[in-house]
Asks: 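A single structure is presented below for examination.
Counting starts at 1 for both ligands and their atoms, in listed order. In this chain, numbering begins with 1 at the start of the sequence shown. Note that these values count all heavy atoms, side chains included, but never hydrogens, waters or copies made by symmetry.
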Amino acid sequence: MRKTIFLLLVIMPMIVTGQRADYKVIPLPASITMDTGNMFELKDGMSIGFKAGNAGVAQTAGFLRDYVEELTGLQLHVIPGGKHCPIELRLVKEKQEAGVADGIFNSRYTMDVGKHGVLIEAPTEEGLFRGVQTLRKSLPVVEKAEVVELPHVSISDEARFGYRGVHLDSSRHFWTVDVVKKYIDQLALHNCNQFHWHLTDDQGWRFEVKALPELAKEGSIREQTVIDRNTGLYDGTPYGGYYTQDELREVVRYAAERYINIIPEIDLPGHMQAALHVYPELGCTGGPYSVWQFWGVSEDVLCAGNPKTIDFLKTVLGELCDIFPSKLIHIGGDECPKVRWKNCAKCQSKATSLGLKDDGKHSIENQLQTWVNHEMESYLKSRGRDIIGWDEVLEGGLTDGGTVMSWRGIEGGIDAARQHHNVIMTPVDYCYIDYYQVKNNWNAPVAIGGYVPASKTYSFEPVPAELNEEEAKYILGPQVNLWCEYVAYPSHLFYMLLPRLDAISEVQWCKPERKDFEDFKQRLEHQKAVYDKLGVNYCRLIE
Ligand code: ACM
Ligand code: ZN
């Protein structure tokens, strides 16, 4: 009996004491002023209120209800038009400061917890959504809480960068719509707002083009795939998959609900062997070509001297614009070998008719690529869009109005910013999360090579010290890239993504003085519990 009483005395406080929230989430909010002596108690049956009439806010309120139940077991109600609710989401009028980029302003929110409950306020729907993510990540992870204690707090938060990107390669391996949605869920959890989707490459064309029905049907299937890192042995198994336009529209809608823009990429004029397989007449040699079964960079690229090439690209980009509302459209431009163009009568005759000459800085062929970029740029402008290209687009002289994605280092980004072009920083040494993230990688899931641990990604500073204040404004923000030559299954995909996405999210969101890797690692412990609850894989070793 005495033993039972003793046990009860020990266990009782565990039952009646609520589970407590912790606002030090990833990415860390800009300012947290907490009063740990006072708690608001969140309980079953409480409500989430908001002013009725705004579909986005209603959607976000529904998300919050689901997040709370998922992580704590507490069941809340959503009440459109509900007043004095324990949780309230409120849009407030606030003038946008002149010169502040949209994406930064849009992320702003405040969250106050006091004796009446939780109030999240923001000048935009997106700001409310970001605030809701902070509340979500603050929650304890338990099967079924009786009460969740929310310490009184005042949080004021906004992003450092307006562009917070994450890339995914759906060409080398195909990711189903369900997996892509789970990937987007992770972007939402980390306050990212740009999903750069690499849809086509030598090894598979994944984008349905209605005017060219055989393109995706035939260009999406490679007959077999080389085993491991180009061993010369093949698996003998056809591999394929592509997205219908209906599916793509559904993904665009899904991302938009989470305030994420999708930047689609059609990589041109290189990385096109899958398309050449279907239309060999668009290559300099006329083919035949197979959808590539090998990893690397194919020397067979689109023939720049064939007018049909430009027509083909406009047809593809036209349908791309019909589906993706993004202002920025990625036209690739990386790794386009020039050997075919050098030996192609059509390409050389085009260069002559354009009057291209080697000026000692830019070769004829590099300038020919710039001409292709210009053609795409003016077509996209006619559709109200602007181009992004990988930093190779600088080599033939940069296209006006183009945004540069600096990947081979930060030098391309510095160059572009000095020429007053917008820049996205994604240098391979910090931001290529297809690299290994653990030093002793002998039993880690296979990666392309290299070593980019979370600490390296975390240490990245996207604004180079070389730039003056005026030039620095052209750095829109950082991005991580996940190429998928060696990543073929969802569990591997999320292992590569997490926790390096956590690391980049603090680079994207937090001011440098707010960053501290040791503190980040401690905060990651709670984030791991969230991943476990959501059932997503992640790398356990943090280096
Ligand atoms: C790239 O990694 N080829 C942009
Ligand atoms: Zn050619």
Asks: Considering both backbone and side-chain atoms of Asp334, is one of its nitrogen or oxygen atoms within less than 3.5 Å of a nitrogen or oxygen in ligand 1?
Replies: yes
Asks: Would you mind telling me if ligand 1 is within reach of the side chain of Glu335, the backbone, both or neither, using heavy atoms under 4.0 Å?
Replies: side chain
Asks: Looking at Arg172, is its backbone amide N or carbonyl O close enough to the side chain of Asp169 to form a donor-acceptor pair, meaning the two atoms are under 3.5 Å apart?
Replies: yes
Asks: To the nearest 10 degrees, calculate the angle at the Zn ion (ligand 2) involving SG of Cys344 and SG of Cys303.
Replies: 110°
Asks: Can you sort out which atoms of ligand 1 are near Tyr432, meaning under 4.0 Å from one of its heavy atoms?
Replies: 1 (C), 2 (O), 4 (C)
Asks: Can you confirm whether or not the ring centre of His421 sits under 6.0 Å from the ring centre of Tyr474?
Replies: no
Asks: Please report the C-alpha distance between His167 and Trp483 in whole Å, then the side-chain angles of each, then the deciding distance to 0.1 Å, and finally whether the ring pair (Phe, Tyr, Trp, His ring centres under 6.0 Å) criterion is met.
Replies: CA-CA 8 Å; His167 153 287; Trp483 299 103; 4.2 Å; yes
Asks: Please answer whether the main-chain N or O of Trp175 pairs with a side-chain N or O of His173 as donor and acceptor at a distance below 3.5 Å.
Replies: no
Asks: Find all atoms of ligand 1 within a distance of less than 4.0 Å from any non-hydrogen atom belonging to Trp483, and give their numbers and elements.
Replies: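 By the 4.0 Å cutoff, the relevant atoms are 1 (C), 2 (O), 4 (C).
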Asks: Would you check if the distance from the ring center of Phe520 to the ring center of Tyr458 is below 6.0 Å?
Replies: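 Yes.
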Asks: Which of the numbered atoms in ligand 1 are below 4.0 angstrom from a heavy atom of Trp390?
Replies: 4 (C)
